[in-house]
Each structure stands twice: as C-alpha cells, then as structure tokens.
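These notes concern the structure reproduced below.
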Amino acid sequence: MAGDDGNNNGGGGGQEEVQIQIAGSSSKGATSSTGEAQSSPVKHWQWWLMVTLNMFFLIAGQTASTLLGRFYYNQGGNSKWMSTFVQTAGFPVLFIARLLFRSKSPSTQTATSSPEASTSKIILIYIVLGLIIAADDLMYSYGLLYLPVSTYSLICASQLAFNAVFSYVLNAQKFTPMIFNSVTLLTFSAALLGVDEDAQGTSGISQGNHVLGFVLTLGASATYSLILSLMQVTFEKVIKRETFSVVLNMQICTAFVATLASLVGLFASGEWKTLEGEMHVFSSGKMSYVMTLLWTAISWQIASVGVVGLIFVVSSLFSNVISTLALPIIPVFAVIFFHDKMDGIKIIAMLMAIWGFISYGYQLYVDDKKSRKTSVSVEENS
C-alpha cells in the first residue's frame, strides 16, 4: 500500500509515537509529551512485535486464501461470483480486531486533527471504493480460474510496480532509482509469464482463456494498487485521520459494500442456481466444499487484519510490500500441492520478482533510516 510513503518519510517519528501509544494504550495512557519520555527500547520492542505479528497474518492469510481458491476450482467449483463473494464475506471477523485493539484514549489523535468530513461524503467514498473492490475481486477470480496458481501469483507481484506509479501520481511519492529498478524488474517478470507458451493451455484451459486470465489478473493488480492509493488520499484529504479504528472502519465498510455487490452479481448472473450442483459434484465431498469456502473467507480476513495492522503500525507502502513478498512464496506451495510446472521462465520470473521486492524493500530501509536520523536530531535540538 503505497500512498503513505510521504508520511512515513517526512513524519515517521511522530507517527510511530502515536501508533505505539494507541497499540499499547492499556499500559499508561500517556500523552504525546510523556510518550517521548518513555523508555525507547520498550516502545521499540512493542513496535517490532506488532510488525512481526501482522506480517505473519498477512503472509499466512494471503497464501492460504490463494491456495484454497485454486483448490475450490480444482475440486469442481466453477462459480466466479462465489469465489468473489468469499474474498470479502468474512469481514465480520474484523469486528473482533476492532474490539481487541480499540484505543482507550482516542482523544490523543483527534485533538490535533482537522475538522472531519461530512458523514454523507465518507459513505459515498466507501460505496465507490467497495464497488471497485468487488470488480477487482471478480477479476482476480477469473484470473485464478484460468491460470495455474504459480503463474497467477507471480503476475500479482506486478501490483508493486503499479503501486509505485499510482503513488507517484496520486500520493506524491518520490520515484527513486531503486523504485524504478523494482518497477522495471516486476514489469519484465509479468511480461515473461505473458509470453510463456508452456503455461498456456495448462489443465485443459484454452489459449484464449489463458490470455484472458493473464490480462484480468494484471488488470486486477493495477486496480488493487489504485484502490490503495485512493484509500490513502481519502485518509489524507477527506478523513484527515489515520488511527487504527479509522483504518479498520474503512476496511469493514468497503468490504460490506463489496460483499453486497458480489451477492447481487451471484443472483443476477444465475450462478446461485449452480451452487447446489457444485456441492454434489465437489470431488472431496459436501463438507469439504463448505469448509473450503468458509476457510477461504476466514483466510482473506486474516490477511486483511495483517494489511490494516501494517498500515497502522508502519505505513500503507510497507503493507503492500509485505503483501507482494507472499506472492513469490505461493508458487513453491503450488508445486507441492497442485503439481504446477516450474519451468525455466517461471523460475526466472520468480527471481526477478524477488529482486524487485528487495529493491523496493531496500528503498524503504533507506527512507526509514533517514527518518530516524531526522527524528533523533530534532529531539537533540529541542
């Protein structure tokens, strides 16, 4: 999630202070001034614990949901709208995170914030974003149906390249040489998979459907990156706050809209009539059919908790980078569980995706180091 790079670079120190305070608000409920006086090692330990936990949620949830989505199709499932529906239908799980990590001192963040936008304006934004998310999920569903999961996940890694472009246009993110290198590598990685003739026609999928799956997956990756940048613009220009509760509220509300849109699509397309038949012909049985859909929905929301947590604790940019990190990992599991073919082109594409990720990650490290030095020098001068 790229849009927060400017915030992370320019005001990383202050942002981290507020975040740690809210995440650990049960400890002392300190104000920002006393927060600076608190033990830095303790705060740093808490910060790394939150980062590690949310990284695990994101990587595990994203990997499991993708593999379960492929399993659904392999076992006889064929409803694209059902596959779309489960990507957001588990959003009530986020209410648990809302209760567990609710700030006990919200006034800390709101005291310095600008006047809030009107409720009607925010609701309209949530509806628009939710509809875009539903369309994005549908494209992902088609992509996963028509592509081997290893090819699909590597194409999805291109979202980081799109993320850099949209962040540059919408969020004023700097386009450094390392980010340019990352964009180039990820673009070539996706292009290699697009011309990989060995992957076309896999598992009885026609070349036309393979091309359609490639185009839709690439489009879904671009749309996902656009959504993240639009969310960041919403936080900065409209809501003008970015507490854990505000970020989580956006995730819940947009997922609710996307789920309703998916339900409308499921009934309007007539695919709901085929669901009972799918359950009966599902190779591993009816119970397996239900549990596959259930755990797919839960896995997506576990990933969502990780996404939201990393946005709050670090930045939306870092969240998207970690999300991309999971994508080169998935092909390894695809080979193990689905016996996907890992030819030379896929291996090269995977290595290029990993290299692109490292380039992006190194730029984050450099920016974070600069931010910390600036923060320290400001504290010493004050």
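Side chains included, hydrogens not; waters and symmetry mates left out as well; all remaining heavy atoms used. Along the sequence shown, residues carry numbers from 1.
With contacts defined as side-chain heavy-atom distances shorter than 4.5 Å, the pair Ser79/Glu278 qualifies. Leu275 is listed as a side-chain neighbour of Leu266, based on a closest heavy-atom distance under 4.5 Å.
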Can you give me every donor-acceptor pair (side chain of residues 51-60, partner residue at least two apart or in another chain, under 3.5 Å) with its distance?
unit_1 : atom_1 : unit_2 : atom_2 : d
Thr52  : OG1    : Trp48  : O      : 2.8
Asn54  : ND2    : Met50  : O      : 2.8

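The side-chain contact (heavy atoms from CB on, under 4.5 Å) check on Val93 picks up Gln301, with sequence neighbours excluded.
Summarising the geometry, atom OH belonging to Tyr73 is positioned 3.5 Å from atom OG belonging to Ser83; distances are rounded to the nearest 0.5 Å. Taken to the nearest 0.5 Å, the CZ atom of Arg70 stands 12.5 Å off from the OG1 atom of Thr296. A distance of 11.5 Å separates CG in Leu216 from NZ in Lys80, rounded to the nearest 0.5 Å. Atom-to-atom distance recorded for Thr88:OG1 and Asp136:CG is 11.0 Å, nearest 0.5 angstrom. The structure places CD of Glu271 at 9.0 Å from CE of Met82, a figure rounded to the nearest 0.5 Å. Atom CD1 of Ile330 is separated from atom CZ of Phe337 by 12.0 Å, given to the nearest 0.5 angstrom.
One hydrophobic cluster, built from ILVMFWY side chains closer than 4.5 Å, cannot hold both Phe267 and Val264; they sit in different ones. A chain of hydrophobic side-chain contacts below 4.5 Å, direct or via other Ile, Leu, Val, Met, Phe, Trp or Tyr residues, connects Leu147 to Tyr224. Cluster membership for Leu228 and Val165, using ILVMFWY side-chain heavy atoms within less than 4.5 angstrom, is not shared. When the side chains of ILVMFWY residues are joined at heavy-atom separations under 4.5 Å, either directly or via intervening members, Val281 and Met279 end up in two distinct hydrophobic clusters. Hydrophobic clustering places Phe214 together with Phe162 (ILVMFWY residues linked when any side-chain heavy atoms are closer than 4.5 Å, directly or through intermediates).
Between Tyr146 and Tyr142, the ring planes lie tilted relative to each other; the angle falls in the 30° to 60° range. Classified by interplanar angle (parallel below 30°, tilted 30° to 60°, perpendicular above 60°), the ring pair Tyr289/Tyr72 is tilted.
Phe282 CZ: more than 12 foreign heavy atoms inside a 6.0 Å radius. No more than 12 heavy atoms of other residues, nucleotides or ligands lie within 6.0 Å of CZ in Phe256, so this atom counts as exposed by the packing criterion.
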task: Run the numbers on Phe333 and Val149 for side chain to side chain contact (heavy atoms under 4.5 Å, CB included), then give the verdict.
output: CA-CA 9 Å; Phe333 289 99; Val149 68; over 6 Å; no
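Using modelled atom types, one finds a donor on one side chain and an acceptor on the other under 3.5 Å when comparing Ser141 with Thr84.
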